[in-house]
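In what follows, a structure is listed as structure tokens, so that the remarks can point back to it.
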There are 2 protein chains.
Amino acid sequence: MLPKQRQDQIVRALRADGAGGVKVLARKLGVSEATIRRDLEQLHAEGRLTRVYGGALAVDGGDEPFADVNAVHAEEKDRIARRAAELVTDGESVLLDIGTTALRVAQHLHGRSLTVVTSNLAVLEELQYDEQIELIVLGGFVRRSYRSLVGYLTEESLRQIHVDWLFLGTSGVRPDGRVMDSTMIEVPVKRAMINAAERVVLLADRTKFPGHGVARVCEPGELSMVVTEPDSDPATRAQLTEAGVEVVLA
Amino acid sequence: MLPKQRQDQIVRALRADGAGGVKVLARKLGVSEATIRRDLEQLHAEGRLTRVYGGALAVDGGDEPFADVNAVHAEEKDRIARRAAELVTDGESVLLDIGTTALRVAQHLHGRSLTVVTSNLAVLEELQYDEQIELIVLGGFVRRSYRSLVGYLTEESLRQIHVDWLFLGTSGVRPDGRVMDSTMIEVPVKRAMINAAERVVLLADRTKFPGHGVARVCEPGELSMVVTEPDSDPATRAQLTEAGVEVVLA
DNA sequence: GCAGTCTCGATCAAACTCGTTCACGAATTT
DNA sequence: AAATTCGTGAACGAGTTTGATCGAGACTGC
């Protein structure tokens, strides 16, 4: 295996688990710890991960939850979330994706009379004690670093339900309008969510728009609506409008 | 687990509960109290939490009463839970019922290499950050007052799995050995749990033994084992033994 | 206010991790 | 064919983290 390939795999492994120790990575990739350290140093210099004592953390590039003090885009992201929450009428049902974007939407749903369905453990925490909201948790394997549920149990649960709205996060929307994600394992769950929803709303701030990701989640045509910022890339927006997607600016 | 990860989880745990004691955090994260103190000191310096005597508070809503963090343990009930936890061998899978009894068992599973399946939200909170444990959450409607998941989604999820052990709580065991519950809505879930388990273990302190309940959960013959206290009613115990149930005294 | 219990920070040894250095082998250049 | 470059693994001393222990101080119940 080429060094570059190995380094890509390190980044990928961190995306999947949120973090990794030097020893674990060395065993996983079949090289010595010294090599891993050199890789981590280099990748840290490139900004592709965060080096910490004992290993490295995934850098929050996609829609990765809980990299705490990321207050830079907080204001904009929150405006998108608030706009999304306004779309929903009392009495309707809402499915919330994993990630911080969906969590922000949940924060704007407090006190509303809604049915909320989620595989996002942070959303569960947020809405657990809100008596107005009928809360439904999808089953699944706990993915600690992302605070989410995944796997066939999650997909199976999604096959049992149907909701009015799905609010979807993303690691990026490609210039041709395709919705991407940074981790493969979530894709089947996201696809099952899309199939379980009447209307699919994608939430994407300007950093995701256009953006990239390794795994394709869906075609633009599968979306009903996209909520984004006014100064996001117009070309990508036009591409989406052409595909019949309603683009809402927040 | 990396030190940075552990510190993130401390902050997360505090956000969930509002506050946390040094002892509780140490057990939850599987490190010594000394390490937790050093983490708290560091996180306090970073302004990510507020250090108080005995533990720490989340930065936002720091007006939570801290008294219940040091709540006294019910030693007798805990003995039953510990005995139950000892039944399980590393590598096996465990299904935990709702209720405080099952939560107590979960507290004794920290650091074990197990697969834990549950619809108990308190168990989810307890084991969420334990890396050794593969944690699976059943789907379902959130029942706030009981901190549990119920409904057809839960039953459907249970049909997808099979576990080595089920630890069942109860409102009471009738003198003829029948297991009862105080609420109807949980019964279908409990029945589905029994069907999904290789061995069914009932946990019942002396107050439940004999005891009452409005809804019948199962016949004594469906149980593999009962863990109870030495001074619980001998007549009911005899009834159970006759039905082929192994009675363990803790 | 007093005794008992709990918590704190300091200290220390052990375990772990880090960056550096050196040697080896493979691929590339001279 | 020889020299050079590059990536790698092993080894080592320096630095960091961890858990145990202990005396001082804080808290609680009476």
Side-chain angles (χ1 to χ4, degrees), chain A residues 1-14 17-59 145, chain B residues 1-14 17-59 62-75 78 107-108 110-113 129-132:
Chain A
M1 193 194 319
L2 270 44
K4 270 281 177 292
Q5 282 180 295
R6 188 184 55 234
Q7 293 179 0
D8 286 348
Q9 264 191 281
I10 290 175
V11 173
R12 214 170 301 151
L14 292 183
D17 301 339
V22 171
K23 199 165 289 180
V24 174
L25 290 169
R27 191 148 34 89
K28 192 178 275 185
L29 298 175
V31 295
S32 74
E33 299 181 22
T35 302
I36 293 294
R37 288 203 183 87
R38 278 182 281 247
D39 285 342
L40 294 185
E41 182 186 15
Q42 195 177 334
L43 289 167
H44 176 64
E46 294 171 13
R48 297 176 66 190
L49 51 75
T50 305
R51 186 75 161 92
V52 295
Y53 195 85
L57 305 176
V59 73
S145 44
Chain B
M1 192 190 331
L2 272 40
K4 272 280 178 311
Q5 275 181 299
R6 188 185 55 235
Q7 294 178 359
D8 286 349
Q9 284 172 1
I10 289 174
V11 173
R12 218 173 285 156
L14 292 182
D17 302 343
V22 171
K23 198 165 291 180
V24 174
L25 290 169
R27 199 193 39 184
K28 202 176 257 188
L29 297 174
V31 294
S32 74
E33 298 180 24
T35 301
I36 293 294
R37 288 204 182 87
R38 277 183 282 247
D39 284 342
L40 294 184
E41 182 186 15
Q42 195 176 334
L43 290 167
H44 177 64
E46 294 171 13
R48 297 176 66 190
L49 52 75
T50 306
R51 185 75 163 91
V52 294
Y53 194 84
L57 306 175
V59 274
D63 45 6
E64 199 74 17
F66 192 61
D68 50 1
V69 169
N70 290 336
V72 282
H73 294 301
E75 193 54 46
D78 209 54
Q107 288 167 342
H108 287 285
H110 276 294
R112 302 278 305 271
S113 293
Y129 304 120
D130 195 313
E131 291 201 326
Q132 290 299 105

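Being a predicted model, the structure only gives us computed values, none of them experimental. Each chain gets a letter, A, B and so on, in the order the sequences are listed, and its residues count up from 1.
I36(A) has its CD1 atom 13 Å from the C1' atom of dG9(D), to the nearest Å. Distance CG (D39(A)) to P (dG19(C)): 13 Å, rounded to an integer number of Å. Atom CG in L40(A) sits roughly 13 Å away from atom C1' in dG19(C) (whole-Å rounding). The distance from atom CG of L29(B) to atom C1' of dT17(D) is 16 Å, rounded to the nearest whole Å. Whole-Å rounding puts the K4(B) NZ to dC18(C) C1' distance at 15 Å. Rounded to an integer number of Å, the gap from E33(B) CD to dA10(C) P is 17 Å. Taking atom CG on L2(B) and atom C1' on dT18(D), their separation rounds to 14 Å, with Å as the unit. Atom P of nucleotide dG7(D) and atom CD of Q5(A) are separated by 14 Å, given to the nearest angstrom.
Around CD of E46(B), the count of heavy atoms belonging to other residues, nucleotides or ligands within 6.0 Å exceeds 12.
Side-chain to base pairing of R38(A) with dG19(C): no donor and acceptor N or O lie closer than 3.5 Å to each other. The base of dG9(D) has none of its N or O atoms less than 3.5 Å from a complementary donor or acceptor on the side chain of R37(A).
Between H44(B) and T50(B), the closest heavy-atom pair is ND1-CA, 3.9 Å. Nearest heavy-atom pair across A56(A) and L49(A) is CB-CD1, 4.0 Å.
Nearest nucleotide to the side chain of R6(A), out of dC18(C), dG9(C), dT8(D): dT8(D). Side-chain proximity of T35(A) to dG19(D), dT8(D), dC18(C): nearest is dT8(D). You'll find that the side chain of Y53(B) is closest to dC6(C), out of dG9(C), dT18(D), dC6(C).
For S32(A), no side-chain nitrogen or oxygen approaches OP1 or OP2 of dT8(D) to under 4.0 Å.
Under 4.0 Å is where a charged nitrogen must lie from a carboxylate oxygen, and between D8(B) and R48(B) at least one such pair does. Using a cutoff of 4.0 Å between basic side-chain nitrogens and carboxylate oxygens, R37(B) and E33(B) are scored as salt-bridged.
Judged by closest nucleotide on DNA chain C, R51(B) is the one of V22(A) and R51(B) placed further toward the 5' end.
Backbone-only engagement by K23(B) is indicated by non-hydrogen atom pairs under 4.0 Å involving sugar-phosphate atoms exclusively.
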